[in-house]
Amino acid sequence: MAIKYIPEPFRIKMVEPIKMLTLEEREQRIKEANYNLFSLRGEDVYIDLLTDSGTNAMSDKQWAGVMIGDEAYAGGRSYFKLVEAGQEIFGYEYIQPVHQGRAAEKVLFGLLMGPGKYSISNMHFDTTRAHVEIAGARAIDCVVEEAGDPTLRTPFKGNMDVEKLERLINEYGKENVALVVMTITNNSAGGQPVSIQNMRDVSAICKKYGIKLNIDAARYAENAYFIKQREEEFKDASIKDIIKEMFSYADMFTMSAKKDTIVNMGGLFGIKNDKELFQKAKGNTISFEGFTTYGGLSGRDLEALAIGLYEGLDEDYLRYRIGQMEYLAARLDDAGIAYQSPVGGHGVFVDAKAMFPHIPYNEFPGQALAIELYKEAGIRTCDIGSYMLGNDPDTGEQLHADFEFTRLAIPRRVYTQAHIDIMADALIAIKERASEVKGYRITWEPPVLRHFQASLEPLK
Ligand code: F0G
């Protein structure tokens, strides 16, 4: 079923040229990159869907803000503007800028957990998991079961499995569960939303056992838009009211501002009212990031971030943004191409296992599809599957991921309907020759986070 593309609620004032290399050039470049898309030069890519993080287009107002950013080391005007925006939108007393999301995790997690402790999440993003582990604790994922079936169209596939959460708390002992993390939207499950009802249920369990609840808030505005669309109680609520309600159930948040806040660099954390924790976190911020009133950012970044916080909440923008995903997903439906459905907030996670049933997990179907997309149309994406997951740290065996996705992450306010059509056409062309596509073998890999650096070669 074809759906209508929702027109951009903006017009273009500045352009950045892009160019498609010839097929021969693309084949040559990806071979020279050892079949690793992170090793390609940006200018050899036509449509870059590697991530929606920091790849957004800022508005004229944000660029104007860049010119008036206050670069004072301490007490700059742009800092106060950002803190006030954060306090107003999230309803938290303490708001702290940092240079990106993982910096917020680094500053806070060491204060909350250590060896023998657990962090339980609907799903930890990779860096969130890494910072739990760096703090000496263990990260446990507890997403609802339906997230595991890409064909199942239920409204809130990002939710926490609440019964399992309570069971895990009792199993580990409530004193050993240092933190519960709600990732909204749930990136690793395909940008799937979390409902307010689920936030309420998780919050009640955390209160019952005296455990702190943290929101990983990278895509909080997209999550709020899904709540408005799909949760009856909120169909007439404003995005701003939904966000206030969502954050009211947690004690703190960590945020990569490179996503829904529509900037190229930045992060935040917020603490509702724990003054003592904030005092300690300020100490870590100064050690790791810089003085508290700039937090690893320039004054101009703080200014653009303060403006972006509001722009990200605009309902016309969010309708267009989610509309882009729905338009691309509908074209894939028409072509019988499977993806994590219903489509998520920041991209389309194509089911590479369904596209290439003949390629086993240890020959990396998600990576094979990513390479085909580059060869087909100069599109850069990434594997979210066994290739990314890596090896068991104890046995060195390749792990078998639950999903084999290729993620088409869509930058905000960057690509048009014609670009989205190129993405759909490329996937359709690959599907037609899917049985000829071969798997890959790793020829070199580093010990951690291998997918960024590994070398591969196609299997014969
Ligand atoms: N949490 C979530 C849910 C994320 O998606 C990311 C980053 C982070 C935390 C870390 O933030 O990059 O600013 O340090 N996700 C990007 C992605 C990199 O491509 O999905 P960061």
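Here the structure is a predicted model, which is why all the values come from computation and not from measurement. Read the numbers this way: they start at 1 and go in the same order the structure lists the ligands and their atoms.
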(request) For G101, take its heavy atoms, then give the atoms of ligand 1 lying under 4.0 Å from any of them. (result)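 Here the atoms of ligand 1 in question are 11 (O), 13 (O), 14 (O), 21 (P).
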(request) For T183, counting its heavy atoms only, list the atoms of ligand 1 lying under 4.0 Å from any of them. (result)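 Answer, ordered by atom number: 3 (C).
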I need the nearest protein heavy-atom contact for [atom]: residue, atom name and distance, please.
| atom | value |
| --- | --- |
| atom 16 (C) of ligand 1 | K259 NZ, 3.3 Å |
| atom 10 (C) of ligand 1 | T127 OG1, 3.4 Å |
| atom 21 (P) of ligand 1 | Q100 NE2, 3.3 Å |
| atom 8 (C) of ligand 1 | F125 CD2, 3.3 Å |
| atom 9 (C) of ligand 1 | E105 OE2, 3.5 Å |

(request) Measure R102 to ligand 1 on non-hydrogen atoms and call it side chain, backbone, both or neither using the 4.0 Å cut-off. (result)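 The answer is both.
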(message) Can you tell me which portion of R407 lies within the under-4.0 Å heavy-atom range of ligand 1? Options are side chain, backbone, both, or neither.
(response)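 It is the side chain that gets close, since no backbone atom is under 4.0 Å.
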Does ligand 1 come near enough to [X] that some N or O of the ligand is less than 3.5 Å from an N or O of the residue?
| X | answer |
| --- | --- |
| T51 | yes |
| L50 | no |
| T185 | no |
| S256 | yes |
| K258 | no |

(message) Can you confirm whether the side chains of E71 and Y294 place a donor and an acceptor under 3.5 Å from each other?
(response)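 There is no such pair (donor and acceptor under 3.5 Å, judged by atom type) between the side chains of E71 and Y294.
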Considering all heavy atoms, the nearest [X]-[Y] contact:
| X | Y | result |
| --- | --- | --- |
| A304 | Q62 | O-NE2, 3.2 Å |
| M265 | K258 | CE-NZ, 3.7 Å |
| Q398 | N362 | CG-CB, 4.2 Å |

Pair [X] + [Y], salt bridge at N-O below 4.0 Å:
| X | Y | result |
| --- | --- | --- |
| D52 | K259 | no |
| K164 | E145 | no |
| D260 | R412 | yes |
| R129 | D141 | yes |

(message) For atom 20 (O) of ligand 1, tell me which residue out of D52, D216, N187 has the closest non-hydrogen atom.
(response)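 It is N187 that holds the nearest heavy atom.
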(request) Assess whether atom CD of E163 is packed by more than 12 heavy atoms of other residues, nucleotides or ligands within 6.0 Å. (result) no
(message) Donor-acceptor pair, distance only, cut-off 3.5 Å: does the side chain of D241 make one with the backbone of A237?
(response) no
(message) Please confirm whether H346 approaches ligand 1 to less than 4.0 Å, judged on its heavy atoms.
(response)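 Distance cut 4.0 Å: H346 fails for ligand 1.
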